[in-house]
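Written below as structure tokens is the structure these notes are about.
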Amino acid sequence: TAGTLFTGRFDINGAINHPTDPRQATHFGTPFSLRPVSFKFRYSYQPGDLYVRATLNNPDNIFGGFTVAELQGNDMFTGYAILEKRDGSGVVEIGRAEMTSGDLQNELTEISLPFVYSSDQKPTHITVVFSSSKDGDLFTGAVGSTLLVDDVELVY
């Protein structure tokens, strides 16, 4: 699985009860009510050498082992911030700032990503995610991919 940093909470019971579905353990987002202009951070990235997908031998049992297949292409990291309007069980995305890249970046480099808004609504939650393998939740990535992140900032 990929190294991931996110706002929200990790549900250990979700992980135990659904070991083959990592998404069941993550509850993204925290309360938030502002509308930033951009999402800024510094990062460096080193993709791993061998891009692979691990498939469970028994989809109902994580302890049944994996079959690992090499894939064409390269691993990529992702960093994004999503603003949402949550109302009961309804969730509407109202803004997003996002970056995905597989390029080697040896030095910490600053980037500023503009929020693209699809609504004038006021958000109720923000989710910020950084992952060293953008498809790590699907057991796809490269061993050794390394993402360093620093100085995360919302710009108004």
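These figures come from a predicted structure and were not determined experimentally.
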Shortest non-hydrogen contact from [X] to [Y]?
| X | Y | value |
| --- | --- | --- |
| P31 | H125 | N-CD2, 3.6 Å |
| P114 | S38 | CA-CB, 4.0 Å |
| D137 | K134 | OD1-O, 4.0 Å |
| T7 | T127 | OG1-CA, 3.4 Å |
| K122 | I94 | C-CD1, 3.8 Å |
| P47 | G102 | CG-O, 3.5 Å |

Are F130 and F6 close enough that their ring centers fall under 6.0 Å?
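Between F6 and F130, which both carry aromatic rings, the centre distance is not below 6.0 Å.
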In sequence, state the C-alpha distance, the side-chain angles, and the governing distance for F77 and Y43, and then conclude on ring-ring contact (aromatic ring centres under 6.0 Å, His included).
CA-CA 10 Å; F77 84 91; Y43 77 98; 5.1 Å; yes
Please determine whether residues [X] and [Y] belong to a single hydrophobic cluster, defined as Ile, Leu, Val, Met, Phe, Trp and Tyr linked transitively by side-chain heavy-atom distances below 4.5 Å.
| X | Y | answer |
| --- | --- | --- |
| V152 | I111 | yes |
| V128 | L154 | yes |
| F41 | V129 | no |
| V37 | Y117 | no |
| F39 | Y156 | yes |

Rounded distance [0.5 Å steps], [atom1] in [X] versus [atom2] in [Y]:
| X | Y | atom1 | atom2 | result |
| --- | --- | --- | --- | --- |
| L108 | Y45 | CG | OH | 15.0 Å |
| N106 | Q46 | CG | CD | 6.0 Å |
| R9 | T30 | CZ | OG1 | 12.5 Å |
| K85 | E93 | NZ | CD | 15.0 Å |
| S133 | L147 | OG | CG | 9.5 Å |
| I126 | I82 | CD1 | CD1 | 9.5 Å |

In terms of heavy-atom contacts, does [atom1] of [X] have more than 12 from other residues, nucleotides or ligands at under 6.0 Å?
| X | atom1 | result |
| --- | --- | --- |
| D87 | CG | no |
| R42 | CZ | yes |
| D49 | CG | no |

Kindly say whether [Y] contributes a backbone atom to a donor-acceptor pair with the side chain of [X] at under 3.5 angstrom?
| X | Y | answer |
| --- | --- | --- |
| T67 | N57 | no |
| T78 | M99 | yes |
| E70 | Q72 | no |

For V52 and T140: C-alpha separation, side-chain torsions, deciding distance, then whether side chain to side chain contact (heavy atoms under 4.5 Å, CB included) applies.
CA-CA 6 Å; V52 297; T140 301; over 6 Å; no
Heavy-atom distance under 4.5 Å between the side chains of V155 and P36, does that happen here?
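Of all side-chain heavy-atom pairs linking P36 with V155, none is under 4.5 Å.
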Hey, are the side chains of F66 and N58 touching, using non-hydrogen atoms and a 4.5 Å cut-off?
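Side-chain contact under 4.5 Å: no.
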I want to check a possible cation-pi pair here: R96 against Y80, using under 6.0 Å from ring centre and within 45° of the ring axis as the test.
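Judged by the rule, R96 and Y80 form a cation-pi pair.
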Under 6.0 Å from the six-membered ring centre of F115 and within 45° of its axis: does the NZ or CZ of R35 meet both?
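Verdict for F115: no cation-pi partner in R35.
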Run through the side-chain heavy atoms of Ile, Leu, Val, Met, Phe, Trp and Tyr, join any pair under 4.5 Å, and report what else lands in V143's cluster.
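Taking Ile, Leu, Val, Met, Phe, Trp and Tyr as members, V143 stands alone, with no cluster partners.
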So does E153 pair up with K40, basic N to acidic O under 4.0 Å?
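A salt bridge links E153 with K40.
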